[in-house]
Amino acid sequence: MDSKYNHKLYEQKITDLWEKNHISEPRDETQGQPVFSLVLPPPNANDPLHVGHAMYTIEDILVRFHRMRGDDTLWIPGADHAGIETQFVFEKKLQKQGQSRFQFDRETLYQKIWDYVQENTGVAREQLTRLGFSVDWSRFQYTLNPAIVKSVLHTFEHLQKEGLLYRDLQLVNYCTKCGTAFSDLEVKHQAAKTKLYYLKYGPFVLATTRPETKFGDTAVAVHPDDERYQHLIGQTIEVQGVNGPFRVRVIADDYVDREFGTGAVKITPLHDHNDYAVWQRHKDELPEPIQVIDYQGKMTTAAGRFAGMSVNAAREAVVAAMQELGLIDHIDDKYENQLSCCYRCGRTLEPLPKVQFFVRIKPLTKPIIKKLDAGEIKVFGAGYDKILRNWLTNLHDWNISRQIVWGIRMPMWYRVTPDSPIEVSFLTTESPKNAATQNYRIKELGDNKWLISGTLSQILPAYDLETIKAGLQTVDAPITVPYSLDIDNNQDHTHDIQETDTFDTWFSSSQWPFVTLQNTRPGDFERFYPTTVMETGYDILPFWVMRMLMMGQFETGKLPFANIYLHGLVRDSKGQKMSKSKGNVINPLEVAEKYGADSLRFALVVRSSAGQDKSIGEQDFKAARNLTNKLWNAARFVQLLSDEQKNTTGQEKTNEDFKTKINELVKQITNCLENYKPGLAADLLYDSFWHFFCDEAIENCKKGVLSPTLLRRGLLVYLKLWHPFIPFVTEQIWQEFGIINDDATILALAHWPNPSTL
RNA sequence: GGUCGCAUGGCUCAGUUGGUUAGAGCGUUCGAUUCACAUUCGAGAGGUCCUAGGUUCGAAUCCUAGUGCGACCACCA
């Protein structure tokens, strides 16, 4: 053994040893033993690893511990297609090549992204292996594997049968830049200073932050008890507008806050969630609402001369026009507002009307809340049980439709008739005909390509359905058009057209624990479901963990896991969030290269605490590296004991004391790991190993008061205790020592010590 | 506005469920180099455990209030 531990010489060799011996696969002889199973939170299929992924260390520690204990252990790796994230990255790439997604039909674009993701496949596997994570690669699953997709769709059909799925026209959170709607969870609320405009509005002055939406006003609302406006309630008033006078009705609704602004609100149902709710309550006395902003974020023809302008430009133009007409009372430019922004691109989200599929949430959350209250779900992580409860109680129905191609396409079909109102857009090389008479829209893309859009009734006389389907980009079916579900795609759809929306990525992710086990190997589901624990970052508690609980319980009748361990975010040594712009990002693979995978693992875990963020920096990796070297040298000392030294017996008191201390340590570490406290376990082990074993015991052995045989046996116990945390160096030492008589030849498969080992 | 968390030596954090003189890593001061390891060893300095009450034989730990940070949620235009 060299006097220094050089990880570069051993890590690859050890990885090969483990692979050759299939340490990560469940063994037949453990069947029937207590189960310890979990799924690896699947990384995005196109992403290289970042430091957050290195937190899988916690899972590996638990897995290695339970495996050594002889539990029936399985850790399933996977990859997530990560719909919007991946498509967004790919579109950026297209942009760099001077292309855009609108130049491709749906199928071609999907194939391009598929190929792009394929290029990066294998990277994650290689990197995870590099860090020593003992997942069972033979059971790897990808969210877009046909079998997985089938399982996911099966759940979807089940939801439909139970009446938990509905299609509705609602105001959704729509990002005009990303070109898709999102669920409530993807909305980021950001404080911002906006202008609050006080508009002269017939007999009213009213306050609004969005004067550009006034073309969609269908009412003015006041509080029913507001004395100032009693005489106007129920009246239709005439209002001077920039496009000429118009008439709106004055309604009374409790929603209005008398104290805010002037106590009068303009109601623009299709561009504000509250206004939409008010409109629905007063539907009978109000006209049909008007859409003034389209899905590209441009003003519609309803805005008259402002049509085609972007929202922000229109706002300024409208205000300027109103000022000219003397219609602006005054402007408050210090107003603090909460803007709804796209979590992905940061743009302000537009509430826009859209027909989407929703999952009814209450029936799904109810049983989970009950189990949470009954203590059947254990959450490790500072206070996150309460946060989970809060989420479950306040959750709204889940919009699962996304207007992107990268994902699982919704298995909904619409019947095509000659007078169909379904809006479609498609690419074609067939030159447009009868455009003038048929009234569909044409955009020339060059290269003999055209983008055609309009309703099927407009387009069908010019193009047959096959052509439309071949170049299809989008399908928008009005709420009045019925749909049929065909999850196996085995019906005759000659006269149908399929929905182009895809599922929210989290819809498939939410089923991960059971769809994986249903498709790994026959018998796996029965053997390993429910899983033992879900370990992930607290930041995806609502997106993922909560939904897994709901969907798992719904589909399998059992919670997908009863234990939830939430780790904190990894921050830099000053406690700051890591970001590319700050330049303080840690690349786990660089650290592993420089200090060894063990060092990275140990530094991340030691003294970490569930739910609490962890600060980490160069000095921590160095300290961890020093530990691996210390362990190496302690082993070296034991190896190099002379024959004369080996024959000493030590003093009984020192020997007994040594045994007691080690046995006590085994008890402590076991207890910590059983109770999901890897951070504390690592700390205790470090302290005991360095300051007791090295500083005291080895010195005692040099003095001849501690038996060398005992010291050696003690070291073997430490190697086992250390192994889940720093598997490479411990395994290498184990190999240097050669076969241990009554134990395994591979440390990863050796037996966990018990408190009476010594 | 609602929910949750955090506050412990210069810095970053543990504190094994209330139990003797409160710990670690990094930093720092002094000393040590053939003897497993200088990626080391020995010795030391450094803490009103945020504040004020309370419960208890005993509180960093439990309760109440306050202060200061931070996170998440939220339909006041």
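Within every chain, numbering begins at 1; the chains are lettered A, B, ... in the order of the sequence lines, protein sequences first and strands thereafter. These values consider heavy atoms only, across backbone and side chains, with no hydrogens, waters or symmetry-generated copies.
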Residue set satisfying ring pair (Phe, Tyr, Trp, His ring centres under 6.0 Å) with A/His330, at least two apart, ordered chain then number -> A/Tyr198
Just checking A/Asp613: base, sugar-phosphate only, or nothing, at a heavy-atom cut-off of under 4.0 Å? nothing
Self-check item: Pairwise P distance, B/U48 and B/G10 [rounded to whole Å]
Solution: 8 Å
Here the distance between atom P of B/U3 and atom CG of A/Leu541, to the nearest Å, is 18 Å
One should read off an interatomic distance between A/Ser615 OG and A/Arg571 CZ, to the nearest 0.5 angstrom, of 7.5 Å
Here the distance between atom C1' of B/U12 and atom CG of A/Leu604, to the nearest Å, is 14 Å
Annotated structure of RNA chain B as dot-bracket, pair cut-off 3.5 Å, Watson-Crick or G-U only, | for inter-strand, is (((((((..((((.....[...)))).(((((.......))))).....(((((..]....))))))))))))....
When you look at A/Phe358 and A/Gln170, which way does the side chain to side chain contact (heavy atoms under 4.5 Å, CB included) test go after all the steps? CA-CA 10 Å; A/Phe358 295 86; A/Gln170 288 192 8; 3.5 Å; yes
Residues at least two apart in sequence or cross-chain that pass side-chain hydrogen bond (donor to acceptor under 3.5 Å, both in side chains) with A/Asn6, listed by chain then number, are none
| message | Quiz question: by atom type and distance under 3.5 Å, do the side chains of A/Trp632 and A/Asp2 form a donor-acceptor pair? | response | no
The ring pair (Phe, Tyr, Trp, His ring centres under 6.0 Å) partners of A/Phe65 (sequence neighbours excluded) come to A/Trp752
Sorted by chain and number, sequence neighbours left out, side chain to side chain contact (heavy atoms under 4.5 Å, CB included) with A/Lys193 holds for A/Glu336
Those residues at least two apart in sequence (or on a different chain) that pass ring pair (Phe, Tyr, Trp, His ring centres under 6.0 Å) with A/His7 are none
What integer number of Å spans the P atoms of B/C63 and B/G5? 10 Å
For this session: Would you kindly say whether A/His567 and A/Glu535 are connected by a side-chain donor-acceptor distance under 3.5 Å?
Result: yes
Reading nucleotides 65-77 of chain B from 5' to 3' and marking B where a protein heavy atom lies under 4.0 Å of the base, S where only the sugar-phosphate is that close, and - otherwise, the string is -------SSBBBB
Whole-Å distance, A/Ile698 CD1 to B/C41 C1', equals 13 Å
Separation of B/A36 atom C1' from A/Leu640 atom CG, nearest Å, is 7 Å
Side-chain atoms of A/Lys386 come closest, of B/C4, B/G42, B/A36, to B/C4
Applied to residues 253-272 of chain A, the salt bridge (charged side-chain N to carboxylate O under 4.0 Å, His left out) test, sequence neighbours excluded, yields A/Asp217-A/Lys266, A/Asp253-A/Arg281
Checking A/Trp722, A/Tyr595, A/Phe621 against A/Phe602 for ring-ring contact (aromatic ring centres under 6.0 Å, His included), the one that qualifies is A/Trp722
Rounded to whole Å, CG of A/Leu395 lies from C1' of B/U3 at a distance of 15 Å
Exercise for review: Kindly indicate whether the side chain of A/Asp504, heavy atoms from C-beta on, has any atom under 4.5 Å from the side chain of A/Asn399.
Suggested key: no
Rounded distance in Å between the C1' positions of B/A59 and B/U51:
16 Å
Would you please classify the geometry between the A/Tyr229 ring and the A/Phe204 ring as parallel, tilted or perpendicular, with 30° and 60° separating the classes?
-> tilted
What's A/Glu699 touching, base or sugar-phosphate or nothing? Going by heavy atoms closer than 4.0 Å. base
All N/O contacts under 3.5 Å from nucleotides 15-20 of chain B to the protein, with atom names and distances to one decimal?
none

The ring pair (Phe, Tyr, Trp, His ring centres under 6.0 Å) partners of A/Phe725 (sequence neighbours excluded) come to none
Atom CZ of A/Phe637 and atom P of B/C37 are separated, to the nearest Å, by 11 Å
In whole angstroms, the gap separating C1' of B/C13 from CG of A/Asp572 amounts to 14 Å
* **Below 4.0 Å: OP1/OP2 of B/C26 and any side-chain N or O of A/Lys622** => no
Rounded to whole Å, the CG-P distance (A/Asn629 to B/C41) equals 10 Å
With sequence neighbours left out, the residues meeting side-chain hydrogen bond (donor to acceptor under 3.5 Å, both in side chains) with A/Ser510 are none
Using atom C1' of each nucleotide, how far apart are B/A65 and B/C75 to the nearest Å?
-> 34 Å
When the P atoms of B/G1 and B/A45 are compared, how many Å lie between them, rounded to an integer?
49 Å
Expected rows: protein N/O vs nucleotides 22-25 of chain B N/O, under 3.5 Å:
| residue | atom | partner | partner atom | Å |
| --- | --- | --- | --- | --- |
| B/A24 | N3 | A/Arg607 | NH1 | 3.4 |

Self-check item: P spacing across the pair B/A22 / B/G47, given as an integer number of angstrom
Solution: 13 Å
(message) Between B/U64 and B/U3, how far apart are the two P atoms, rounded to whole Å?
(response) 14 Å
How far does the C1' atom of B/C37 sit from the matching atom of B/U20, given to the nearest Å? 35 Å
